[in-house]
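Within every chain, numbering begins at 1; the chains are lettered A, B, ... in the order of the sequence lines, protein sequences first and strands thereafter. In this text the structure is predicted, and so the values were computed from the model without any measurement.
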Number of protein chains: 2
Amino acid sequence: MGRRSATGRIGIADVAKLAGVSLATVSRVMNGNFTVDAEIAARVRAAATELRYQPNPVGRSLALGKTDTIGIVVPDLSNPTFQAILRGLSMAAAQDGYRVLIADSSEVSSEEAILAGEARRRCDGLVLCAPRMSDAELAELAPSLQPLVLINRSTENTASPSLMVDYAKGIQDLADHLVGLGHTRLAFLSGPPRSASNKLRLAGLERFREANPGIDVHMLPGGSSFEVGHQAVDAVLSSGATGVLTFNDLVAMGLLSGLHEHGVNVPGDISVTGFDDISFARYTTPTLTTMTVPITELGEQAWQRMIETIRSARLPAPTATTAAPLAASAAVEDADDGARAPLPTIFHPKLTVRGSTGPAAVHPGPQ
Amino acid sequence: MGRRSATGRIGIADVAKLAGVSLATVSRVMNGNFTVDAEIAARVRAAATELRYQPNPVGRSLALGKTDTIGIVVPDLSNPTFQAILRGLSMAAAQDGYRVLIADSSEVSSEEAILAGEARRRCDGLVLCAPRMSDAELAELAPSLQPLVLINRSTENTASPSLMVDYAKGIQDLADHLVGLGHTRLAFLSGPPRSASNKLRLAGLERFREANPGIDVHMLPGGSSFEVGHQAVDAVLSSGATGVLTFNDLVAMGLLSGLHEHGVNVPGDISVTGFDDISFARYTTPTLTTMTVPITELGEQAWQRMIETIRSARLPAPTATTAAPLAASAAVEDADDGARAPLPTIFHPKLTVRGSTGPAAVHPGPQ
DNA sequence: AGGGATTGAGAAAACGCTTTCTCACTATCG
DNA sequence: CGATAGTGAGAAAGCGTTTTCTCAATCCCT
């Protein structure tokens, strides 16, 4: 009496009929429940293979209350950093039999909440990667996204595992590296306005300034793409800086390319540094001095935290009364289920010196 | 009597109770069915927002027989080409309210069939991107994957839309370009053994050889990564070639970097070409001459074909008798449902000349 | 004012699977 | 040899929706 007379697909019922057993028995056999007589089990398996039966995951998910899928929300899938995180996550999850659903918010912070919610409902957990939303929004949203792992953000109230990279220290290391090479006039090509990791870099540079009063650090507006770096050549040159820090490797590569076109020698006239150490960084000309962030490992670690959270969320028997869904606060209930210490895991990037940095020129480069 | 006394989550039943209506009515309201009295509808909506009710997608999927999700299987998520396809697909699908599930086969062709099957069952359709499996396997698998879109492969029997890039012509264009610059000794750094697109390139070069008997084309084993290009420097130099074709931009970049380290001037001593025109290609030093493939558009087009296929598969009433699931051939049934012309859509890459190619040196580069 | 057409909402079946509950049957022990 | 524990498999409930079916109430027209 259904809309379509059967989906056309082979179901557990077909197998049961062919094997002459009940649905329950087929299910038992398919799930390795050994309370089934060997002879019958064999008959069921034979029927299953003959019909090429494959259990319907949606039915399974509904009955089991899990989808074996996790979601990830990224601000921009064209960014190699997020691609690497996605890859690390996906490979690690696959090892444990989970799949990954992706959602790209296109850097639109208002989309994030909706995307995250939708993705979460389809999955057993969610990874929020460098969300652009405000702290307040994030804090409000986090409880309802529960098995949640954050990358490059953290929340106070909710006990969601969080993976952070110490960008502040990283950018300081780079600045120190340049100072060590004799540079006294630096410039920083900053990142996207809503990026939390950019704020960390700015904070790091602030500390650097305090520690190095003699060094001039020129701030330049920026972004996260090649184009930003490529178009910043003039601004960089007129700043008079001999050492340039950039938001990430992409920007650095754009800048490198632009400087080359202008006939500026790197590192002879100007030193350039990136951030992240994407795979391309070792193949630029000159090769790029940058901070190495174990990006793929970040994705893998995100998965580890995720699977831990999912597993610990399954065990504890729900003591909460189920009978009173009156309060509108239902979403908060399991907020401190996996009440593990919510201390963020901090990744410390490490300085990788390559060919794009060198001793400061005696006089600044060509204006 | 369920395992856990309710999932804890708010369900349609809670809303119904609060609004004092039946489950059916809530469903009607949520789905914009206007046969509901305005006053009641308002009450339902109020209850829904008060409880922060969000329909469970799994339940919905089961009832509706669709998941609003498609899957994509790629050989290697770290390859920028596949990343770009994924991005194009994902963005286009998102426009139509679909999500993307990813599966990375890690270049293991035996994994592909399983991954594809699993992914397909969870989704409404599948994109198979440059599958490494054999033609026979692909042909056998295709019917069971039905709403299926192929990228860089095609099948004879099944009417699955297929998107192909004319790599054969592309590589010829590049070779012609080098010949036009006076090069007479060429080399080709080939791609992964199981790659169909590599076979097309080889076929193209074969035709090129026939048309240009005077030109020497040296074949070198390769792969698809930086490292391959980087490590091929010696082989390239000892081949005596002055013009080098590579499998893709990654290989070309590795080679560029390696040549630079060896003090070989590009394009002065040797000209190098890539393939694909990934975004990095315009920021190498020298900038890379390559064949531009509209990669992201490939992903978008894949989505267009997919949504067409899905939609056309919904309309035709299933005339087939549902009562006899005896034959094991059930998977083949809707093989020619969307019996549109299965002509592959061919993308023609276009030559983009940049700085890595130039006139042939009078005498071959340093040995 | 009475009868057929129309509207609106509830009851229940269906989607495909898992699992508890239950019971028939066999093996074991006193 | 009869009572009891144990084993294996079927019936049915349940997961959270949607949708058909059904029926009561309202409406309009003659």
Enquirer: NZ of B/Lys66 versus C1' of D/dT17: gap in Å, rounded?
Expert: 13 Å
Enquirer: One pair to check against salt bridge (Lys or Arg N to Asp or Glu O under 4.0 Å): A/Arg132 and A/Glu112. What are the steps and the verdict?
Expert: CA-CA 8 Å; A/Arg132 265 42 170 154; A/Glu112 283 181 334; 5.6 Å; no
Enquirer: Can you list every ring pair (Phe, Tyr, Trp, His ring centres under 6.0 Å) pair that touches residues 98-124 of chain A, not counting sequence neighbours?
Expert: A/Tyr98-A/Trp303
Enquirer: Round to a whole Å and report the spacing from NZ of A/Lys17 to C1' of D/dA9.
Expert: 19 Å
Enquirer: To the nearest Å, give me how far apart CD1 (A/Ile12) and P (D/dA12) are.
Expert: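 Atom-to-atom, A/Ile12 to D/dA12, this comes out as 17 Å.
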Enquirer: Which residues pass the salt bridge (charged side-chain N to carboxylate O under 4.0 Å, His left out) test with B/Glu118, not counting sequence neighbours?
Expert: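 Result, salt bridge (charged side-chain N to carboxylate O under 4.0 Å, His left out) vs B/Glu118: A/Arg99.
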Enquirer: Pairing donors with acceptors under 3.5 angstrom, does anything connect the side chains of B/Asp104 and A/Ser90?
Expert: no
Enquirer: Could you tell me whether A/Glu140 atom CD has more than 12 heavy atoms of other residues or ligands within 6.0 Å of it?
Expert: no
Enquirer: Measure from CG on B/Asp68 to C1' on D/dT17 and round the result to the nearest Å.
Expert: 14 Å
Enquirer: Does any N or O in the side chain of B/Ser61 come within less than 3.5 Å of the main-chain N or O of B/Pro57, such that one atom is a donor and the other an acceptor?
Expert: yes
Enquirer: In whole Å, I'd like the distance from the CG atom of A/Leu62 to the P atom of C/dA14.
Expert: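 The answer, rounded to whole Å, is 17 Å.
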Enquirer: Ignoring hydrogens and geometry beyond distance, is a side-chain donor-acceptor pair present between A/Arg60 and A/Asn31 at under 3.5 Å?
Expert: yes
Enquirer: Near DNA chain D, which residues from residues 31-38 of chain A have a heavy atom under 4.0 Å away?
Expert: A/Thr35, A/Val36, A/Asp37
Enquirer: With DNA chain C as reference, determine whether B/Val21 or A/Val58 sits nearer its 5' end, using the nearest nucleotide of each.
Expert: B/Val21
Enquirer: Think A/Thr25 has a side-chain N or O under 4.0 angstrom from the OP1 or OP2 of D/dA9?
Expert: no
Enquirer: Please report the distance, rounded to the nearest Å, between CG in A/Asp14 and P in C/dC15.
Expert: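 Spelled out: CG on A/Asp14 to P on C/dC15 is 11 Å.
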Enquirer: Between A/Gly20 and B/Arg28, which residue's closest nucleotide on DNA chain D lies nearer the 5′ terminus?
Expert: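 Residue closer to the 5' terminus by nearest nucleotide: A/Gly20.
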Enquirer: Nearest whole Å is fine: how far is C/dC15 C1' from A/Arg60 CZ?
Expert: 17 Å
Enquirer: Figure out the CE/C1' separation between B/Met30 and D/dT19, and round it to whole Å.
Expert: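 Rounded to the whole Å, the gap is 17 Å.
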Enquirer: Compare the minimum distances between each of C/dA11, D/dT18, C/dT19 and the side chain of A/Ala24, then state the nucleotide with the smallest one.
Expert: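 Of all the options, the side chain of A/Ala24 is nearest to C/dT19.
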Enquirer: For B/Tyr53 and D/dG16, is the shortest distance between a side-chain N/O and OP1 or OP2 below 4.0 Å?
Expert: no
